[in-house]
Amino acid sequence: MSQSAVPGRDTVYVFLGRTDGDRPAAARRLLRRAGGTLLGRAEAEIRVRRDAAGRPLVDAGDAVELPVSVSHTGGIVVVAARRGGGVGVDVERRRELPALALARRWYAPQEAAWLRGRPPGQRVEAFLLLWTAKEAVGKALGRGLRDGGLRRPMPVPGGPGELLRPVPGAGGLRVGHPRLPAGDGRAGDGPVPAGDLVLAGDLVLAVAVDGPADGVELVID
């Protein structure tokens with residue numbers, strides 16, 4: 001899917017694709033796509049490297065580096081990028097897990113209490129909304145989950161599709177959960193072919209930004 005950045009807008013672009021068994025190669029492909037889209041250069045000109053801490057770096061061979069973040073889960077890879085400042089992304093598959101026990105171990109008391117107050121059938125979703133928000137915030141801060149987001153209280157999630165919301169006590173940090181499409185996002189109204197991305201019922205995606213941003217644009221690759 002072709003995509004062009006909108007001049008004058010600080011939009012967070014989120015690229016989603018399959019790994020096809022080679023996660024690093026899929027991540028590099030999406031990072032080059034992100035660099036080409038936001039830096040206005042051919043993808044062949046985009047360099048993908050890593051810093052000393054293992055975080056990805058994207059540029060076009062000049063002094064301008066593009067803020068990016070990468071996440072993956074079970075055959076899906078996600079890359080977030082923006083020109084205006086720090087960005088973080090995290091993705092998790094919906095799955096059965098002991099939500100209350102994990103919340104008691106890892107979450108602040110008010111977060112665990114909020115989770116207990118959810119109807120039993122919504123607790124796994126609620127746990128994953130908080131967890132992905134924490135992961136994304138830690139990445140936006142450049143510190144990772146344990147040093148940046150795990151013990152930092154998150155705003156109570158409003159559910160998939162919510163706008164970016166301020167993170168309490170974290171300056172200009174905001175976090176939200178963009179609504180994912182039901183199919184693979186490609187043109188046409190026919191059925192989704194086997195093996196293509198089927199996202200809405202399968203994944204929980206969080207995006208965090210450091211400073212103001214105009215919104216989030218999803219790009220299905």
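- Contact detail for Ala136 and Ala206: the closest heavy-atom pair is CB-O, 3.8 Å.
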**Study point:** Residue pair Phe15, Thr37: steps toward the side chain to side chain contact (heavy atoms under 4.5 Å, CB included) verdict
**Key:** CA-CA 11 Å; Phe15 299 79; Thr37 297; 3.9 Å; yes
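- Formation of a donor-acceptor pair under 3.5 Å by the Gln122 side chain with backbone atoms of Pro119 is not found in this model.
- Judged purely by atom type and a 3.5 angstrom limit, Arg118 has no side-chain atom pairing as donor or acceptor with the backbone of Arg123.
- Taken to the nearest 0.5 Å, the CZ atom of Arg28 stands 15.0 Å off from the CD1 atom of Ile46.
- Across all their heavy atoms, Ala103 and Phe127 have their closest contact at N-CE1, 3.9 Å.
- Of the candidates Val204, Leu16, Ile220, Val14, Leu180 forms a side-chain contact (heavy atoms from CB on, under 4.5 Å) with just one, namely Leu16.
- Between Leu164 and Val175 the shortest side-chain heavy-atom distance does not fall below 4.5 Å.
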Check your understanding: Yes or no on side chain to side chain contact (heavy atoms under 4.5 Å, CB included) for Leu66 and Arg83, after CA distance, side-chain angles and deciding distance?
Key -> CA-CA 6 Å; Leu66 182 69; Arg83 288 182 295 204; 4.0 Å; yes
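- Taking both residues in full, the closest heavy atoms of Trp131 and Asp90 are given as CD1-OD2, 4.3 Å, listed atom of the first, atom of the second, then distance.
- Between Leu39 atom CG and Glu65 atom CD the span is 10.5 Å, to the nearest 0.5 Å.
- The heavy-atom pair separating Ala80 from Val12 by the smallest distance is CB-CG1, 4.4 Å.
- Residues His177 and Thr132 bring a donor and an acceptor atom of their side chains to less than 3.5 Å of each other.
- In this structure, Leu100 CG and Tyr107 OH are separated by 11.0 Å, a value rounded to the nearest 0.5 Å.
- A donor-acceptor pair is defined here as one N or O able to donate and one able to accept, closer than 3.5 Å; such a pair exists between the side chain of Lys139 and the backbone of Val70.
- The two residues Met154 and Lys134 come nearest to each other via the heavy atoms CG-CG, 3.6 Å.
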Practice item. Decide yes or no on side chain to side chain contact (heavy atoms under 4.5 Å, CB included) for Leu30 and Val77, but give the supporting numbers first. Key: CA-CA 8 Å; Leu30 291 185; Val77 63; 3.5 Å; yes
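- Between the side chain of Arg104 and the backbone N or O of Ala112, no donor-acceptor pair lies under 3.5 Å.
- A salt bridge does not link Asp214 with Arg82: none of the charged nitrogens is closer than 4.0 Å to a carboxylate oxygen.
- A distance of 4.0 Å separates CG in Asp59 from CZ in Arg47, rounded to the nearest 0.5 Å.
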Exercise for review: Could you walk me through whether Arg41 and Asp62 pass side chain to side chain contact (heavy atoms under 4.5 Å, CB included), step by step?
Suggested key: CA-CA 12 Å; Arg41 304 286 285 271; Asp62 50 28; 3.4 Å; yes
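- By the criterion of side-chain heavy atoms lying less than 4.5 angstrom apart, applied directly or through intervening Ile, Leu, Val, Met, Phe, Trp or Tyr residues, Val156 is grouped together with Leu130 in one hydrophobic cluster.
- Atom CZ in Arg50 sits 9.0 Å away from atom CG in Leu57 (nearest 0.5 Å).
- The hydrophobic cluster containing Leu31 also contains Val64, counting ILVMFWY residues as joined when their side-chain heavy atoms lie under 4.5 angstrom apart, directly or transitively.
- Between Pro153 and Pro168, the closest heavy-atom pair is O-CD, 3.8 Å.
- Under the 4.5 Å side-chain criterion, counting only non-hydrogen atoms from C-beta, Val137 is in contact with Leu173.
- For CZ of Arg23, the number of neighbouring non-hydrogen atoms (other residues, nucleotides, ligands) closer than 6.0 Å is 12 at most.
- Atom CG of Leu128 is separated from atom CD of Glu135 by 11.0 Å, given to the nearest 0.5 angstrom.
- Without hydrogens or angle criteria, Ser71 side chain to Val91 main chain gives a donor-acceptor distance under 3.5 Å.
- The residues Asp210 and Arg174 are annotated as not salt-bridged, no charged nitrogen and carboxylate oxygen being separated by less than 4.0 angstrom.
- Side-chain contact between Val79 and Val89: absent, with no pair of heavy atoms (C-beta onward) separated by less than 4.5 Å.
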